[in-house]
Amino acid sequence: MSVAPARLLAVALLGLAVFVFASCGGDSEPQPTPTPEPVTYRGVLIAPSLEKPDAVLTGTDGQPFDLRKETEGYLTLLFVGYTSCPDICPVHMVEISRVLESLPDEVVDRVKVVFVTADPERDTPEVLGKWLSYINPEFIGLTGTQEEVDAFQVALRLNPATRTDLGGGNYAVNHAAYVMAFTTDNLSHIVYPFGVTQDDWRFDIEQLALHGWQGEDH
Amino acid sequence: MIRIPRIRLLLAAAATLVLFAPACSGDDDGASTPAPTDTATAGNGHDMHARVEITDVRARETLNDTGAVYFTVRSTGEADRLLSASVDPAVADDAQIHESVMEGGNATMREVDGIDVPAGGELVLKPGSYHIMLLGVKEKLSAGDTFTLEVAFEHSGAISLEVTVVAMEAAMGSTMGH
C-alpha cells in the first residue's frame, strides 16, 4: 500500500480544485467536483457497475421510502443484512459510523447510509429502527415484504438471502457481506468487503462524496 | 452465489488487503476498549490433561438479543478439539459454535459440531469467522460488563472463561484496533 508521488500530487491538486470551487461557490446544492486524474480507491472495483435499485421499500417510520428519490445527489452506502447478525452487519455499520464522525460536515452532509434488511420477518420497522438508533440515528433502515426484499436483492445481482436453521425457532440469514457505494451517477462501481479498515473507508468516502466517481472506468 | 463477473477475483485481492490490515490500520481512536488479555487454562492449571491456553476472551456489545464471543485457543502440546459452549441462562438462552463462511462476497453461517485446535497451533475465533453466538441475550451487554462462558474440549475438558464485553469495533481483535 505504498503511496505513489502521483497520488500525492493528485491529492494536492484535488485540494486546490476544491478550494477554487468553494471560493466561487454560493450554490446551496454542492455538486461533486471532478478530479484532474483518476483516483486510486481502496475498495474493490466491480464491473459492470451496479445500478441503484429503483425501489420503494418501507422506512423505520413505517412509511414508503423511494430509494432513488430520497438518496438522489448523495453518496449512498448500501448494505443488505439483518439485525440478528452476529458480527458482520453491526461491525460494518459501526465502522462506517465511526468514520463519518471523524470526517468534516462538508463530507458527511453528502453521505447517506442505508441498511436494508434481508430478514423482514423479524426486522419490522420498529426492530430495525431501534437497532440502528444504537449505531447511528442518521442511518436509514429499510424493510418490506419478503417479495420486495427478495426483488431488491435480485436488482443488486444478489441471490435472495437464504436461511440456516439454528434450532429453537432461531435462524441465521445468509447475505452479501460487502457494502455497496452508489455515487451521484446512481451507480456502484465499488464495494467494500468485511474487514475494510477505517483509514481506507475514510479515504474513499471523502473522495467519493466530494468528487463523485473518478475511477478509471468513468 | 452472486453473479458479478470478476468479483471473485477482486475479492480474493481484497482478502489479501485484509490480511495486511492488522499491520496498517490506523490508531486514531484512543477511546476504543482494548481487548482483554486474560488467560484461562484448563482446571486452573492443575489439570494434567490441559492442552490449551485461552486468551483474548471478549464479547461484542449487544444491540438486541444476539451476541457473539471471541477468543484465541493455543495448543500447549497435543491437538485438541473445541466441542461446545454454554452460558448461564440468566445471560442468554443458548451459546452455539458457528462459522461465518465468505463465499464470493456472500456470508453464509453454519453451526459446527466442533473445531480442531492443531497440535502446537492455534484456533482463532474472530468476527467474520468462527465465533460463539449468543442467542436470546437477556440484558444488554455493554462495554465493561463481564459474564462467564463455559467451553468444553475433547481432551482438556470444561474450561470456565470470564468474558469481558468490548465495543463493537474493539471486538475485531487486539491487533486490529482503530
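- A search for ring-ring contact (aromatic ring centres under 6.0 Å, His included) contacts involving A:Tyr82 returns A:His175, not counting sequence neighbours.
- Interface with chain A: from residues 63-70 of chain B, residues B:Leu63, B:Asn64, B:Thr66, B:Ala68, B:Tyr70 qualify, criterion being any non-hydrogen pair under 4.5 Å.
- Side-chain atoms of B:Arg60 come within 3.5 Å of backbone atoms of A:Pro86 as a donor-acceptor pair (strictly under, hydrogens ignored).
- Remark: A:Asn170 CG to B:Glu111 CD distance equals 10.0 Å, nearest 0.5 Å.
- Contacts with chain A (heavy atom to heavy atom, under 4.5 Å) involve these residues of residues 90-102 of chain B, listed by number: B:Gln96, B:His98, B:Ser100, B:Met102.
- Among A:Thr162, A:Ile88, A:Leu132, the residue with the largest count of heavy-atom pairs under 4.5 Å with chain B is A:Ile88.
- A 6.0 Å sphere centred on OH of A:Tyr171 holds more than 12 heavy atoms belonging to other residues, nucleotides or ligands.
- Interatomic distance, NZ of B:Lys140 versus OH of A:Tyr134, reported as 5.5 Å (0.5 Å rounding).
- The environment of CD in B:Glu154 is crowded: more than 12 heavy-atom neighbours from other residues, nucleotides or ligands sit within 6.0 Å.
- From A:Ser84, atom OG reaches atom CE of B:Met133 across 6.5 Å, with rounding to the nearest 0.5 Å.
- Across all non-hydrogen atoms, the minimal contact from A:Leu166 to B:Leu135 is CD1-CD2, 4.2 Å.
- Heavy-atom neighbours of A:Glu126 CD from other residues, nucleotides or ligands within 6.0 Å: at or below the threshold of 12.
- Among A:Val94, A:Asp87, A:Val91, the one residue that satisfies the side chain to side chain contact (heavy atoms under 4.5 Å, CB included) test with B:Met172 is A:Val91.
- Not counting sequence neighbours, the partners of A:Phe152 by the side-chain contact (heavy atoms from CB on, under 4.5 Å) test are A:Pro53, A:Ala55, A:Leu57, A:Leu67, A:Leu78, A:Val80, A:Val116, A:Leu156.
- When the shell of 6.0 Å around NZ of B:Lys126 is examined, it contains 12 or fewer heavy atoms from other residues, nucleotides or ligands.
- Note that CE of B:Met168 and CZ of A:Arg98 are 9.0 Å apart. Values are rounded to the nearest 0.5 Å.
- Around CD of A:Glu138, the count of heavy atoms belonging to other residues, nucleotides or ligands within 6.0 Å does not exceed 12.
- For B:Met109, the parts sitting under 4.5 Å from any heavy atom of chain A are the backbone and the side chain alike.
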